[in-house]
Protein chains: 2
Amino acid sequence: MVTDTVTAKPEPRPARAGGKREQTKIQNRETILEAARKVFAELGYGATTVRDIIRATPLASGTFYNYFQSKEEVYQAIRDEVALEIRPRLREERAKAKSIDEFISSTFRTFFEFVARDEGNFRAIRHNADSTRVRMDTPEVLAGFTELREDIEKAIADAIFPPVDADFLMAAIVGVAFEVAERMVIGDNHNPSEAAEFATALFMGGVHKLPHRKNAAGTA
Amino acid sequence: MVTDTVTAKPEPRPARAGGKREQTKIQNRETILEAARKVFAELGYGATTVRDIIRATPLASGTFYNYFQSKEEVYQAIRDEVALEIRPRLREERAKAKSIDEFISSTFRTFFEFVARDEGNFRAIRHNADSTRVRMDTPEVLAGFTELREDIEKAIADAIFPPVDADFLMAAIVGVAFEVAERMVIGDNHNPSEAAEFATALFMGGVHKLPHRKNAAGTA
DNA sequence: TGCAAAAATTGACGCAAAGTCACGTTCCGT
DNA sequence: ACGGAACGTGACTTTGCGTCAATTTTTGCA
């Protein structure tokens, strides 16, 4: 490891707690994030440039780089905000679970309710210029996946779950959660309860246990 | 709709079937795609530039734009090749299905076997500089999703499936397929049969029917 | 309060890659 | 074999990125 005293960067003294410096720093960061959300939603992630973001801001271009390295990092920050809010809730719910059913249903219910509430953000982020669909999972999101796998492993150790492949099960839950959430938001069915019931039924008993459609009229 | 005769673009006459023109066009396109595959694998998708791609080619920079609009479009073309190859196979398998079990298991088996065989491509495309995970679904891939939903609806009409929400079921299958495929490729378990058995068991009977681990030694 | 140092902002600048286009070359139909 | 159309070429223009010296704002301290 290189701990060169000469080359080491100055490491700015931490701003005083309630000071003006700290104040504007928080303010500016939020200004940039807000502008980014707006511009991403308008132009789509791929098409927006760092310049587009700062243009939607009273700040100068150089200032942007005091806060983020690139538009990717801004995107990450936006996603991370969401991930960091939902992860503790999910862990808490799963920790309380005394059975498989509780474990699965609380996970899906919490997730879908959160997505439904956060729908604006969700849509803004998803929007893309061409018809290509993009999903980016930041390290914070991926950490959430790992937490799920850990919880599954703990549940197996506690004999709440049978000894299945925790990695695959985690992947299956994540896959269903994200894809079904997308259908919920995109489609005309914005009901998180229905989504949660569907996903839970699938994991609890497979296709045969899925809820039947109210009106059997097929789209085809 | 604007059908301006003056402004309308020339619409080049289609090259003769076996002619030299057509020949080199196909050739050049493939040269670019091949170079792109190599460079994406080397530098990662995010880091490669259009120039990097043509530099790995005897062609001039201007020529690139005769074939593709951007590196995104090259990426799409690569993905589309895969999608266009696997989609008919999946349809065929599902069309033969006489029961839910056949429908589900053939879908997963075909998909995972394809991914395992195509693993090099899969990894190359996935390779990314930062630790962010990206998944891009091109229109051709999305069309594959729609085909799955159509097949599900047909199966419901034929009373092979109960009248469940076809949109959600499609989403669930897609989600499990992609996420589990990723674990299969990334992890140390490159066995498509195991992945297919896991996913099929989940959809046929839920968590309780999942195969148990061979060696019960947990990772945690 | 006044002052010097530290921190942060600013926008112009240098650079790298994107995308265009006038020109030359190759191919095609007659 | 000739004329025109399609294609390839690479220099050129444009666009956006990231930096940095100069400037402004804030802070700590006497």
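Since this is a predicted model, take the numbers as computed values, not measurements.
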## Note on the structure
Per nearest nucleotide of DNA chain C, the residue lying toward the 5' end, B:Thr24 or B:Ser61, is B:Ser61

### Spacing between A:Phe64 atom CZ and D:dG18 atom P, to the nearest angstrom
8 Å

### Task
Measure from the side chain of B:Tyr65, starting at C-beta and using heavy atoms only, and say which of C:dT10, C:dA6, C:dA18 lies closest.
C:dA18

#### Entry: Salt-bridge criterion met for B:Glu179 and B:Arg133 (N-O under 4.0 Å)
yes

### Message
What is the distance, to the nearest angstrom, from the CD1 atom on A:Ile54 to the P atom on C:dT10?
### Response
10 Å

### Message
Please pick, from D:dT26, C:dT10, D:dC17, the nucleotide with the shortest atom-to-atom distance to any side-chain atom of A:Thr63.
### Response
C:dT10

### Task
Figure out the NZ/P separation between B:Lys25 and D:dA5, and round it to whole Å.
16 Å

### Query
Is A:Arg55 salt-bridged to A:Asp52, going by a charged N under 4.0 Å from an acidic O?
yes

## Note on the structure
Taken to the nearest whole Å, CD/B:Gln27 to P/C:dT26 is 17 Å

### Summary
Which of C:dT10, C:dG19, C:dA12 is nearest the side chain of B:Arg51? It is C:dG19

### Query
Between B:Ile32 (CD1) and D:dC7 (P), how many Å, whole number?
13 Å

### Query
Is the A:Phe108 to A:Phe198 ring centre distance short of 6.0 Å?
no

### Task
Starting from the 5' end of DNA chain D, give me the residue, B:Ala60 or A:Val50, whose nearest nucleotide shows up first.
B:Ala60

### Query
Roughly, in whole Å, what's the span from CG in A:Leu43 to C1' in D:dG16?
14 Å

### Task
Consider only side-chain N and O atoms of B:Ser70 and B:Glu72, and report whether a donor and an acceptor are under 3.5 Å apart.
yes

### Query
Would you call A:Glu93 and A:Arg109 a salt bridge, using N to O less than 4.0 angstrom?
no

## Note on the structure
Rounded to whole Å, the CZ-P distance (A:Arg55 to C:dT10) equals 16 Å

### Query
Please give, in whole Å, the distance from C:dA7 C1' to A:Arg21 CZ?
4 Å

### Task
Could you tell me whether the phosphate oxygens of C:dC28, OP1 or OP2, come under 4.0 Å of any side-chain nitrogen or oxygen in B:Lys20?
no

### Task
Please tell me which of the listed nucleotides, D:dG8, C:dC27, D:dC17, lies nearest to the side chain of B:Tyr67?
D:dG8

### Task
Select one nucleotide: of D:dT19, D:dT9, C:dT9, the one nearest the side-chain heavy atoms of A:Asn66.
C:dT9

### Query
Does the side chain of A:Thr49 get closer than 4.0 angstrom to OP1 or OP2 of D:dG16 through an N or O atom?
no

